2 protein chains.
Amino acid sequence: MHINGDLLLSSLRASGLRITGARRAVCQVLAESHDDHLTAADLHKRVEALTGKPVDPSTIYRIIDVLEKAGHLRHVHFGHGPGVVHLVDQGAHHHIVCETCGRTADLALDELGDLTELLGAHGFSLGSTHFAIVAQCGDCA
Amino acid sequence: MHINGDLLLSSLRASGLRITGARRAVCQVLAESHDDHLTAADLHKRVEALTGKPVDPSTIYRIIDVLEKAGHLRHVHFGHGPGVVHLVDQGAHHHIVCETCGRTADLALDELGDLTELLGAHGFSLGSTHFAIVAQCGDCA
DNA sequence: CTCGATGCAAAGGTTTTGCACCAGG
DNA sequence: CCTGGTGCAAAACCTTTGCATCGAG
């Protein structure tokens, strides 16, 4: 089951936050592009296309921030370039991204046992999905 | 055994490149801070301290570029913040960095079997040490 | 009416680039 | 000399922030 835009909005309202046109549009776009990894710029374009009105980039970043603090959104860094954003309804996952072409794959948390061990041997623990693992995909290797 | 600055310089000369004051200083600083991960800004500061003369930041970046193309240097990204640079004399290694405090650890390539398998299961291969794996160290977790 | 949200513009930090001048070989 | 290296200044890129205004509740 996928989170829908209204659910996001009512969660905001429940926290005493206001429902504005921009927030409505961001939530709808996020809900519709549910399985995508959108950059702030992508989000911005789609929001403007949806509303027909100009929206300031800073507003997009602020809405991302609000949704992230509310726990609905996560933003992830894929090596170079802009960060990307995705909803977090169906459990967190880690990301692999191709350094060359940008193709991505998701890693379920229960696949990460060996990696956890490797990191543990050096006194580290995974514990964040904020940065992707950068690698090479089959086509680019 | 560690690469020393003169070795770097003679390699440059052997490629038909010129030995300048700035290049001499960068190579010496790199050789002396052999096991560190320096940012371009660190490098810049130490080069100016060593020569007593102002050096333009762009010159530092260009020298990094030259040394990297010559295969002596690698620059790595540790999550947010500036990239870091280190010599590559004793075999490539991968990096783990703590997302919170920035502490780093090196992963020898022969420790990466499991990670290689994990990535392979998704059609990816490691094959670059250009981006660190971002995690949490014991103190910050 | 009131406070939160937005637009605008500017700055932030790192890195790159264009261009004219300088200097290594 | 002559080409490559450097300084300077500006831009590029993504994101954040200050401040005045707008609008949701």
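Numbered from 1 within each chain, the chains take letters A, B, ... in sequence-line order. Computed from a prediction, not measured in an experiment: that's the story for all the values here. These numbers come from the heavy atoms of this one structure, side chains and all, not from hydrogens, waters or symmetry mates.
OP1 or OP2 of C:dT14 has not a single side-chain nitrogen or oxygen of B:Thr39 nearer than 4.0 Å. Taking 4.0 angstrom as the limit, A:Thr20 places a side-chain polar atom (N or O) nearer than this to OP1 or OP2 of C:dT6.
In this structure, B:Asp56 places its CG atom 5 Å from C1' of D:dG7, rounding to the nearest Å. Protein atom CZ of A:Arg24 is 14 Å distant from nucleotide atom C1' of C:dA5, rounded to whole Å. The NE2 atom of B:His44 sits 10 Å away from the P atom of D:dC8 (whole-angstrom rounding). Across the protein-nucleic acid pair, B:His130 atom NE2 and C:dT15 atom P stand 10 Å apart, rounded to whole Å. Regarding A:Leu9, its CG atom lies at a distance of 10 Å from the P atom of D:dG25, rounded to whole Å. Rounded to an integer number of Å, the gap from OH of B:Tyr61 to P of D:dA9 is 18 Å. Rounding to whole angstrom units, CZ of residue A:Arg62 and P of C:dG4 are separated by 14 Å. The interatomic distance linking A:Ile60 (CD1) with C:dT6 (P) rounds to 9 Å, in whole Å.
In the set C:dG24, D:dG7, D:dG25, C:dG24 carries the atom at the smallest distance from any side-chain atom of B:Arg18. Candidate nucleotides D:dT16, D:dG7, C:dT6 were compared by shortest atom distance to the side chain of B:Thr59, and D:dG7 ranks first.
Separating the CD1 atom in A:Ile64 from the NE2 atom in A:His72 is a distance of 14.5 Å, to the nearest 0.5 Å.
Judged purely by distance below 3.5 Å, without hydrogens or angles, the side chains of A:His130 and A:His75 pair a donor atom with an acceptor atom.
Place A:Val66 and B:Pro82 on DNA chain C by their nearest nucleotides, and A:Val66 ends up nearer the 5' end. Toward the 5' end of DNA chain C, the nearer of the two residues B:Ile19 and A:Gly16, judged by each one's closest nucleotide, is A:Gly16.
Taking the centre of each ring, B:His77 and A:His77 stay at or above the 6.0 Å mark.
Partner A:His94 forms a side chain to side chain contact (heavy atoms under 4.5 Å, CB included) with one of A:Leu107, A:Val76, A:Asp106 and no other, that one being A:Leu107.
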